[in-house]
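Structure, as C-alpha cells:
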Amino acid sequence: ADRQRQHIVWASACIALGRSEDTRALDVLAGLHAGLARSADERSRIDAGVVAAGLLAGGRWSMTAALTPFLAPDRARSGVRIWYAEALQHRLAQGDPEATDAWLAVWDSFRAVPDPRLAERVANGLLLREAEPPTHFPLDRVLGVLEAQDATATMRAIADAWRYRQGATAGRDALLANHPRLQEDGWSG
C-alpha cells in the first residue's frame with residue numbers, strides 16, 4: 001500500500017508481517033527500517049518506528065531502542081504508540097515473558113500523556129480479542145482504570161464486556177444499564 005495515502009493499511013501490513021514471524025518477512029522489515037530510519041524526512045523516521053513495531057511483533061526485542069524515542073511523553077502522539085501496543089498484544093498472545101512489563105508501561109503511559117481513544121483500543125485489544133490475557137497478567141491494573149468513577153462509558157463497557165466474557169451475569173447487566181450512556185457518547189444500537 002502507498003505509505004503516504006493509505007498509511008493505516010501500510011502500518012497494519014507492517015504489523016501483520018511481523019506477526020507472521022516468518023524470517024523472510026522480518027528481513028524485509030529490517031531492510032525497510034534501516035532505510036526509513038536514515039531518512040532526513042520526519043514522516044519517514046516516524047514510519048521507521050512503525051516498522052520497528054512490526055519487527056517487535058516478530059519477537060525482535062532489539063527494536064525496543066528504536067521505539068523508545070517515539071514513546072517519550074513529548075512524542076507520544078506520533079502514532080507509533082498504537083502500533084507498538086499492537087505488537088505487544090501479539091507478544092502477549094504468544095506467551096512472551098517480556099511483553100507483560102512492556103504492555104503495562106504503555107498502559108501506564110496514558111497517565112503521562114492521556115489519550116482516551118488509544119487507551120480504549122489498547123484495553124479492548126487486551127480483554128476482548130480472541131486470545132485472552134495470560135493467566136499471570138495483573139488485570140487489576142487495567143480494570144481499575146476502566147472501572148474508575150471518571151472512566152468513559154466506553155471504558156466501562158470494555159470492563160463490563162470482559163466480566164461478562166468471564167461468565168459474570170453482572171457484566172451483562174452492567175452493559176445493558178450502560179447502553180443509554182453509550183448512545184449519548186455516539187454509539188448506536
Out of curiosity, Ser62 OG to Leu55 CG, how far, rounded to the nearest 0.5 Å?
7.5 Å

Just jot down the salt bridge (charged side-chain N to carboxylate O under 4.0 Å, His left out) partners of Glu132, sequence neighbours excluded, or say none.
Arg165

I need the Glu98 CD to Leu88 CG distance, nearest 0.5 Å.
10.5 Å

Assess, by modelled atom type and distance only, whether the side chains of His90 and Asp96 contain a donor and an acceptor separated by less than 3.5 Å.
no

List the atom of Pro133, the atom of Leu139, and the distance in Å for their closest heavy-atom pair.
CG-CD2, 3.8 Å

If you count heavy atoms of other groups shown closer than 6.0 angstrom to CZ of Phe137, is the number above 12?
yes

About how many Å separate CG of Asn124 and CD1 of Ile158, when rounded to the nearest 0.5 Å?
5.0 Å

Parallel, tilted or perpendicular: which one describes the rings of His7 and Trp10, with boundaries at 30° and 60°?
tilted

Check ion pair Asp41-Arg43 (N to O, under 4.0 angstrom):
no

Over all heavy atoms of both residues, which pair between Trp83 and Ser12 is shortest? Give the atoms and the distance, please.
CH2-OG, 3.5 Å

Is any side-chain heavy atom of Leu143 closer than 4.5 Å to a side-chain heavy atom of Leu127?
yes

What is the distance from atom CE of Met63 to atom CG of Leu56, rounded to the nearest 0.5 Å?
8.5 Å

Would you call Arg91 and Glu21 a salt bridge, taking side-chain N to carboxylate O under 4.0 Å as the test?
yes

What one should report as the nearest heavy-atom pair of Gly54 and Leu26 is O-CD2, 4.5 Å

salt_bridge(Arg163, Glu147) N-O dist < 4.0 Å:
yes

Under 4.5 Å between side-chain heavy atoms, hopping through other hydrophobics if needed: is there a path connecting Val28 to Leu36?
no

Evaluate the criterion side-chain contact (heavy atoms from CB on, under 4.5 Å) for residue pair Thr23 and Asp27; output intermediate values, then yes/no.
CA-CA 6 Å; Thr23 303; Asp27 288 346; 3.9 Å; yes

For Phe70 and Gly49, the nearest pair of non-hydrogen atoms, with its separation, is CE1-CA, 3.7 Å

Please identify each residue that fulfils salt bridge (charged side-chain N to carboxylate O under 4.0 Å, His left out) with Arg156, with sequence neighbours left out.
none

Main chain of Ser39, side chain of Arg45: is a donor-acceptor contact present, judged purely on distance under 3.5 Å?
yes

Here's one to test your reading of the geometry: is the NZ or CZ of Arg172 within 45 degrees of the ring axis of Trp162 and under 6.0 Å from its centre?
no

Apply the test side-chain contact (heavy atoms from CB on, under 4.5 Å) to residues Asp115 and Arg81: give CA-CA distance (whole Å), side-chain angles for both, the deciding distance (0.1 Å), then the verdict.
CA-CA 10 Å; Asp115 190 338; Arg81 192 162 57 154; 3.5 Å; yes

Heavy-atom distance under 4.5 Å between the side chains of Val145 and Trp107, does that happen here?
yes

How many angstroms lie between CZ in Phe110 and CG in Leu118, if you round to the nearest 0.5 Å?
4.0 Å

Should Leu128 and Leu176 be regarded as members of a common hydrophobic cluster, given that ILVMFWY residues are connected when their side-chain heavy atoms come within less than 4.5 Å of each other, either directly or indirectly?
no

If only atom types and distance count, is the side chain of Thr68 paired as donor or acceptor with the main-chain N or O of Thr64 below 3.5 Å?
yes

Least distance between heavy atoms, Leu29 atom then Gly18 atom:
CD1-N, 3.7 Å

How many angstroms lie between CZ in Arg3 and OG in Ser44, if you round to the nearest 0.5 Å?
4.0 Å

Nearest heavy-atom neighbours spanning Pro138 and Thr100
CD-CG2, 4.0 Å

